[in-house]
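Along the sequence shown, residues carry numbers from 1. Excluded from the calculations below are hydrogen atoms, water molecules and symmetry mates; all remaining heavy atoms, backbone and side chain alike, are included.
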Amino acid sequence: MKNQLLIRDVTLRDGQQSLFATRMTQKQVERTLPGFKDAGFYALEVWGGAVPDSIMRYLNENPWHRLESIKDYMGESTLLTALSRGRNLFGYNPYPDEVISGFNRNAIQSGISIMRVFDALNDLDNIRSTVKFIKENGGIADCTIVYTVDPKYSTREKVKALLHAKVLPTKIFTKEYFLKKAIELQVMGADIITLKDMAGLITPFRAGMLIRMIKQNTSVPIDFHTHCTPGYGLASTLMAIVNGVDIIDTALMSFAGGTAAPAFEIIQLFCDRMNVSTGVNINAVVGLDKELRAIRTELKEFDSYKAPREFNILTDKLPKDIDQMFELAIAYAKADKEDYLLEVCHRIESWFGFPEPDDKICQAEIPGGMYSNMLAQLKALKMEKLLPRALELIPLVRLASGCPPLVTPTSQIVGVQAVNCALDELNGVPLYTTKSIQFVNLVKGVYGHTPVPVDPDFRFKLAGVKEETPYDTRFYKKQDNPVFEEYGGVKLALNEKEELLLELFPSVTRDYLKKRMEDTYLAEIHRVEEEKRKKIEEEKRKYEILSPEAKQKRLLDGLYNYEWQSSEGETIGLS
């Protein structure tokens, strides 16, 4: 009897977000749905993350329609999943329960079965209310532990700390830390627990060890999610499978690798050799990947990688040496031989044409998006030479702000502040002279409890308070929903779902709904004008076939409300 492994496909959300800046249009998504329906994945991640914001901002499309159209087509063939950030949902500041409840209720009613919820600080208090609302509305609560690593201090900082008799904290994110979070999530009511490595930083050994330990101490299904940027993704996923994980996240080959998740097809080849059943219809996958490959070509302006090799998992044969790599990888994973496992997995990925591991990201131990954001910030200032120092400052900035995990949005907050500190240093002013309001709020405690307490004196210096000060939702101000008289006296947001979009993405939604309102108003004017034109044409047709006497009578009777030129050149019509 085969072992069972469930596959959550993330192509339509995480895959396109990681590789193509979430630019798949509604029509492109719809082209893939027949294949996904036939494939029979356990679940499809289709919504949340950057999808609602991006498709309004760049594609002028309705996020709720995106979700509902997928659900209408997929029916009950597979579970649909979405991603949100607990009390923060998609923004920075926490929202009141009214907004959190409304969002989760509408998402589940619109088709989401599994709501994956995480908090950027791993502060489980920030996801507690979301879990409650998910379950109240009949959804499956997929509760996430965000994976991260300890700060990696430079030699310079270690020496400086030693000279000043300061201790630089280490062993923060231990195996006990992650196990404690998993147990707390199960007690909270998690239906699934996901170890989510959004930065791709988890090594194969750590992946296997944590999955094995969490499985031994909890009783709910465990999901594993990672990315391939630093080169660990495929090997770490294989280690998770070998150590008994219940669900893994993959993307179809054309939307996998690089900054995205591992490829399903490669995982399937491993499963075939390990007597593991995924339950996926491989025939459907082959056709689906061809469609996705065509869509990738259409998205080439957003694509920073070369597409992987075309490979039909049903009919194409692997070269003998690559086939042997699969067997070796499985043996090395079972023996916990991490270095050898990474070497053969990199050879497999290279043969398939996936991007090489990003050594800069691997050495810096930060997410790829964080690195590119820092570089872009410095390039804009023509200060690229400061990047090495900014990278060196990241551990200290993290430590000063309570060692937050480096995931969205804390990775961006810490990265921007590290650049600010490098600029302060260059300008000969004290560090943190230049600071963002987001960094101040992080230090203040607005976003929640940090893994390590923030020094009270540092907090007072930046935020003016010594005690951790959480965001008080009593001061939350609901977004305005104005009436536009010039467009017929209609409200900007017409229903609760649109009101929620206004709360979650105020400026983007305002622009999107305003444009829709203008388009609707102009379309109505066009419709009225078109009806008027058709009526005139019909009256003209009827008039031209009348006898001269009948024409004269109609004119005298005043039966026409519109003017036109008759065939004789006379102006006809009375108002």
Does the distance from a Lys or Arg side-chain N to an Asp or Glu carboxylate O, for [X] and [Y], drop under 4.0 Å?
| X | Y | result |
| --- | --- | --- |
| Asp125 | Arg87 | no |
| Arg31 | Glu298 | yes |
| Lys196 | Asp223 | no |
| Arg516 | Asp519 | no |
| Lys71 | Glu76 | yes |
| Lys180 | Glu176 | no |

### Message
Is it the case that the side chains of Arg116 and Ser84 hold a donor-acceptor pair, with the cut-off being a distance below 3.5 Å and no angle test?
### Response
no
### Query
Looking only at side chains, do Ser101 and Lys132 share a donor and an acceptor under 3.5 Å apart?
no
Do [X] and [Y] make a side-chain contact, defined as non-hydrogen atoms from C-beta onward lying under 4.5 Å apart?
| X | Y | answer |
| --- | --- | --- |
| Thr433 | Leu431 | no |
| Gln479 | Glu503 | yes |
| Leu442 | Leu121 | yes |
| Val490 | Met517 | yes |
| Arg8 | Ile248 | no |
| Asp191 | Val220 | no |
| Phe133 | Ile108 | no |
| Tyr42 | Ile247 | yes |

### Query
Taking it one step at a time, do Asp424 and Thr434 satisfy side chain to side chain donor-acceptor pair (under 3.5 Å)?
CA-CA 7 Å; Asp424 285 344; Thr434 308; 2.7 Å; yes
Mind listing the closest non-hydrogen atom pair of [X] and [Y] along with its distance?
| X | Y | answer |
| --- | --- | --- |
| Leu288 | Thr32 | CD1-O, 3.4 Å |
| Gly200 | Pro230 | O-CG, 3.0 Å |
| Val245 | Leu5 | O-CD1, 3.6 Å |
| Ala256 | Ala251 | CB-O, 3.8 Å |
| Trp47 | Ala107 | CZ3-CB, 4.0 Å |

Separation of [Y] [atom2] from [X] [atom1] (nearest 0.5 Å):
| X | Y | atom1 | atom2 | value |
| --- | --- | --- | --- | --- |
| Asp142 | Glu45 | CG | CD | 9.0 Å |
| Thr144 | Leu195 | OG1 | CG | 9.0 Å |
| Met370 | Leu391 | CE | CG | 8.0 Å |
| Thr408 | Asn88 | OG1 | CG | 12.0 Å |
| Lys444 | Phe460 | NZ | CZ | 12.0 Å |
| Asn60 | Thr25 | CG | OG1 | 12.5 Å |

### Query
Excluding sequence neighbours, so at least two apart, what forms ring-ring contact (aromatic ring centres under 6.0 Å, His included) with Tyr73?
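Applying ring-ring contact (aromatic ring centres under 6.0 Å, His included) to Tyr73 gives none.
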### Query
So Arg296 and Phe302, side chain to side chain contact (heavy atoms under 4.5 Å, CB included) or not? Walk me through it.
CA-CA 9 Å; Arg296 179 168 185 161; Phe302 308 106; over 6 Å; no
### Query
Crowded around Glu496 CD? As in, over 12 foreign heavy atoms under 6.0 Å?
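Yes, CD of Glu496 has more than 12 neighbouring heavy atoms, counting only those of other groups under 6.0 Å.
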Quick check against the 3.5 Å criterion: does [X] have a side-chain atom that pairs as donor or acceptor with the backbone of [Y]?
| X | Y | answer |
| --- | --- | --- |
| Lys435 | Val440 | no |
| Asp303 | Leu299 | no |
| Thr174 | Lys171 | no |
| Asn137 | Gly139 | no |
| Ser77 | Met74 | yes |

Centroid separation [X] to [Y] less than 6.0 Å:
| X | Y | answer |
| --- | --- | --- |
| Phe505 | Tyr512 | no |
| Tyr147 | Phe173 | no |
| Tyr432 | Phe439 | yes |
| Tyr95 | Tyr476 | yes |

### Task
Run the numbers on Gln26 and Ser69 for side chain to side chain donor-acceptor pair (under 3.5 Å), then give the verdict.
CA-CA 9 Å; Gln26 181 69 25; Ser69 66; 2.6 Å; yes
### Message
Please verify the inter-ring angle class for Phe41 with Phe36; under 30° counts as parallel, over 60° as perpendicular, anything in between as tilted.
### Response
tilted
### Message
For Arg13 and Gln17: C-alpha separation, side-chain torsions, deciding distance, then whether side chain to side chain donor-acceptor pair (under 3.5 Å) applies.
### Response
CA-CA 6 Å; Arg13 205 288 299 172; Gln17 181 175 321; 2.7 Å; yes
